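A note on names: the letters A, B, ... follow the listed sequences, proteins ahead of strands, and every chain is numbered from 1. In this text the structure is predicted, and so the values were computed from the model without any measurement.
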Protein chains: 2
Amino acid sequence: MTVSRVVTKKGRVAPKTVAKVSRVIEELGYVPDLNAGGLSSRNSGFVAVLVPSIDNSNFAQQARGITDALTKNGLQILLGSTDFSIEREETVLGTMLRRRPDGVILTGGNHTEGSRRMLENAGIPVVETWDLPRQPIDHVVGFSNIAIAQAMVDHLHERGYRHIGFIGSSSASDTRGADRERGFSEALRKHALDDSRVIRLGAPPIPVEQGGEAIVEMLRRWPDTDAVMFVSDRTAFGAMQECLRRGWPVPERVAIAGFGNFDMARNCHPRITTTSIDCYEMGRFAAERIISAGTQLADGVSVEPEIIMIPYRILARQTT
Amino acid sequence: MTVSRVVTKKGRVAPKTVAKVSRVIEELGYVPDLNAGGLSSRNSGFVAVLVPSIDNSNFAQQARGITDALTKNGLQILLGSTDFSIEREETVLGTMLRRRPDGVILTGGNHTEGSRRMLENAGIPVVETWDLPRQPIDHVVGFSNIAIAQAMVDHLHERGYRHIGFIGSSSASDTRGADRERGFSEALRKHALDDSRVIRLGAPPIPVEQGGEAIVEMLRRWPDTDAVMFVSDRTAFGAMQECLRRGWPVPERVAIAGFGNFDMARNCHPRITTTSIDCYEMGRFAAERIISAGTQLADGVSVEPEIIMIPYRILARQTT
DNA sequence: CCACATTAAGTTAACGTTAACATCACAGCT
DNA sequence: AGCTGTGATGTTAACGTTAACTTAATGTGG
């Protein structure tokens with residue numbers, strides 16, 4: 001028990017006992033077993049994090065923000081990817097809940113019935129990110145994909161573009177992509193413009209190359225298109241490079257706008273106009289929400305679900 | 001005990017008992033506790049994976065390969081990033097070992113004394129990736145960064161370039177980057193060419209922009225440079241975009257070669273010549289090595305450390 | 001019909017830790 | 001001296017599972 005107190009730094013131990021225990025720990029190479037500790041203390045020290053894909057700078061940065069906040073509080077991240085599918089999300093979530101996480105951070109507001117039920121039963125804080133769900137499970141740290149797309153249309157409109165197209169995704173479970181398309185349509189109608197120029201590629205992650213193919217198709221079907229919004233910087237980048245290849249000047253022949261402020265969009269020539277949200281901060285806030293909800297729960301205080309809005313910015317650059 | 005047998009599918013249970021137990025599990029929403037299970041059975045079901053950065057397509061793909069192989073075998077990944085520092089690696093490794101992983105997958109062959117000692121004491125299979133260490137800890141699934149850089153120099157030489165520079169990193173702990181620089185020098189000397197055109201940027205991850213600044217500096221200091229090799233596609237991409245911005249034709253004014261076959265290098269215009277290794281496969285092999293070593297260990301068979309070489313390819317594209 | 005194998009299910013004692021409570025030594029006070 | 005409070009350490013019983021063993025029930029061959 002004294003060793004436990006020394007290791008966890010909880011409770012009082014005489015300084016010289018601390019020294020003695022520390023020395024023996026060092027000598028023996030003793031490594032405390034957090035799984036056993038969690039079993040006894042009924043909190044595992046894990047926070048489960050589910051992202052659509054780990055191979056995506058935005059989600060990776062979010063994961064970093066989460067990790068940093070958790071580490072500071074002695075917690076560990078349990079990371080899983082759902083491949084942009086809510087069915088896979090349910091499977092992965094099921095696996096993760098076997099580790100008795102102290103909280104769960106999800107991406108998006110669209111989940112299977114099964115996932116919602118499991119989370120209900122688990123009785124732990126949940127944070128949904130990247131979205132503003134109509135029926136939040138618990139806490140939310142996100143932003144409106146509709147509003148952000150509308151803001152981008154406003155930007156294009158302001159720059160004088162009037163024949164604007166959208167190249168997005170077509171997966172039923174990609175509600176974030178669908179929301180961006182919805183924001184696109186609503187904003188165009190607000191400006192009394194035609195919102196029919198839409199091409200839907202497959203389910204995310206959409207390969208970069210397809211952005212190139214899609215803009216060619218767009219300009220073939222609607223040759224007077226003067227600006228195209230993309231669901232992601234990756235496709236926007238693919239499109240712009242294809243324009244370069246074909247000698248179509250950007251933005252003179254067609255303006256291009258992306259989403260997500262990826263490295264490639266920020267650094268290419270010309271630099272791609274895009275939207276930026278601080279994914280690292282979103283992760284950090286989400287983790288902090290889990291932590292504070294967790295301590296409140298431990299103190300027997302009832303926790304009010306909270307909705308935290310992450311600000312977004314339109315980064316007007318050279319392609320518009 | 002019967003429930004345990006049903007859940008783990010180990011040992012024989014009468015079919016109708018299985019049905020009954022399954023029904024009750026469903027009814028109760030029972031979720032088995034893998035931490036407790038691991039405590040009892042003395043294997044946690046975790047494999048610890050340490051990568052320099054999660055926000056890097058190559059490492060993310062490796063992690064995917066690992067996850068896929070582990071999932072197939074009922075194991076879970078415990079992912080941590082070291083920020084390209086072996087000191088941080090030691091810290092993170094220490095934290096992870098508290099979860100009693102059944103194996104560890106590391107990046108690179110350069111580790112602190114502390115890390116090596118901890119791994120020794122842990123007595124679990126270890127796989128080093130991304131390198132061919134002189135003194136492997138245990139298993140290796142990697143490739144020679146020296147050889148790959150030499151192959152790239154050979155490619156440039158074959159294309160007729162004779163004034164070749166290298167833009168790399170300068171961190172002491174980035175031995176993979178240092179190896180690539182070494183391969184560069186050795187190959188140039190083999191061809192009786194000058195190997196002094198080297199610019200070392202800071203510690204990885206090197207921002208994309210610095211690639212641009214570095215190539216400007218390179219051509220200022222050594223104006224007759226006709227080709228530049230980069231330690232990574234990211235910096236190569238930054239350099240190429242800067243050339244575009246300045247109206248320097250690539251590869252006519254200067255040829256550019258990267259490393260890693262990133263999305264941005266593959267899809268930009270002109271497409272960047274680079275090297276490619278299959279990170280997903282490297283991850284998969286590493287995980288499979290952990291698994292087979294683990295089962296051998298459980299059967300009391302002594303495990304011979306194995307070295308698996310991952311093939312690399314030079315992708316000759318438009319920038320050379 | 002019995003000895004013996006096989007299959008199914010149950011019992012016990014760990015695994016390594018911590019919550020909760022108990023004890024002990026000693027200082028400070030009346 | 002006796003009482004009280006406090007700080008330091010010790011004891012016990014859990015946490016949820018599984019390894020290893022035991023028991024019970026059911027066949028099977030001579």
Side-chain angles (χ1 to χ4, degrees), chain A residues 1-25 28-46 48 73-76 78 94-102 118 121-124 294-295 297-300, chain B residues 1-25 28-46 48 73-76 78 94-102 118 121-124 294-295 297-300:
Chain A
M1 204 48 228
T2 300
V3 173
S4 173
R5 281 192 270 256
V6 171
V7 169
T8 61
K9 297 192 174 77
K10 276 175 190 154
R12 313 186 49 103
V13 186
K16 63 177 176 185
T17 314
V18 173
K20 192 162 70 176
V21 169
S22 305
R23 217 197 52 236
V24 176
I25 284 179
L28 261 52
Y30 165 76
V31 178
D33 185 328
L34 289 185
N35 294 327
L39 182 59
S40 179
S41 68
R42 317 180 69 49
N43 42 59
S44 64
F46 280 126
N73 290 271
L75 295 171
Q76 253 174 294
L78 208 53
T95 308
M96 291 192 153
L97 289 177
R98 287 160 198 234
R99 296 295 180 175
R100 298 285 185 275
D102 300 332
M118 284 193 285
N121 290 340
I124 50 177
T295 44
L297 223 61
D299 296 350
Chain B
M1 203 49 227
T2 300
V3 173
S4 173
R5 281 192 270 255
V6 170
V7 168
T8 60
K9 298 192 173 77
K10 275 176 191 154
R12 311 184 53 103
V13 187
K16 63 176 176 186
T17 313
V18 172
K20 194 162 68 176
V21 170
S22 305
R23 218 197 53 236
V24 177
I25 284 179
L28 260 51
Y30 165 76
V31 178
D33 184 327
L34 289 185
N35 293 328
L39 183 59
S40 179
S41 68
R42 320 180 68 49
N43 43 61
S44 64
F46 280 127
N73 290 271
L75 296 170
Q76 253 173 294
L78 206 55
T95 309
M96 291 193 153
L97 289 177
R98 287 160 200 234
R99 296 297 180 173
R100 298 284 185 275
D102 300 333
M118 285 194 283
N121 290 340
I124 51 178
T295 43
L297 223 62
D299 298 349

Could you run down the sub-3.5 Å N/O contacts of the protein with nucleotides 24-28 of chain D?
none

Would you say A:Arg12 reaches D:dG7's phosphate, i.e. side-chain N/O to OP1/OP2 under 4.0 Å?
-> no
When B:Val18, B:Val24, B:Ile25 are each screened for side chain to side chain contact (heavy atoms under 4.5 Å, CB included) with B:Val21, the one that passes is B:Ile25
Its 5'-most and 3'-most nucleotides having an atom under 4.0 Å from a non-hydrogen atom of chain B, DNA chain C is contacted over C:dT7 to C:dG16
Residues from residues 16-24 of chain B sitting under 4.0 Å of DNA chain C, heavy atoms only?
-> B:Thr17
Kindly calculate the angle separating the two end axes of the helix from C:dC1-D:dG30 to C:dT30-D:dA1, each obtained from five base pairs, and round it to 10 degrees.
-> 40°
Donor-acceptor pairs are to be reported for all side-chain atoms of residues 28-46 of chain B against protein atoms at under 3.5 Å, with residues two or more places apart or in another chain.
from, atom 1, to, atom 2, distance (Å)
B:Asp33, OD1, B:Asn35, N, 2.8
B:Asp33, OD1, B:Ala36, N, 3.0
B:Asn35, OD1, A:Arg99, NH1, 3.2
B:Asn35, ND2, A:Arg99, O, 3.0
B:Ser41, OG, B:Gly37, O, 3.0
B:Ser41, OG, B:Asn43, OD1, 3.4
B:Ser44, OG, B:Phe46, N, 3.1
B:Ser44, OG, B:Arg100, O, 2.6

Partner set under side-chain contact (heavy atoms from CB on, under 4.5 Å) for A:Ile124, not counting sequence neighbours | A:Leu97, A:Pro101, A:Val104, A:Ala122
For B:Met1 and for B:Arg100, locate the closest nucleotide of DNA chain C by heavy-atom distance; then report the residue assigned to the nucleotide nearer the 5' terminus.
-> B:Met1
What one should report as the nearest heavy-atom pair of B:Gly123 and B:Leu297 is O-CD2, 4.0 Å
With the side chain counted from C-beta on, respond yes when A:Val13 and A:Thr2 share a heavy-atom pair under 4.5 Å apart, and no when they do not.
-> yes
Partners passing salt bridge (charged side-chain N to carboxylate O under 4.0 Å, His left out) against A:Arg23 (at least two apart in sequence or in another chain) = A:Glu27
Could you identify which residues of residues 35-44 of chain A place a heavy atom less than 4.0 Å from some atom of DNA chain D, listed by residue number, or say none?
-> A:Leu39, A:Ser40, A:Arg42
Between A:Arg5 and A:Val31, just flag the one whose closest nucleotide in DNA chain C comes earlier from the 5' side.
-> A:Val31
In Å, rounded to the nearest 0.5 Å, how long is the span from CG of B:Asn73 to OG1 of B:Thr295?
-> 8.5 Å
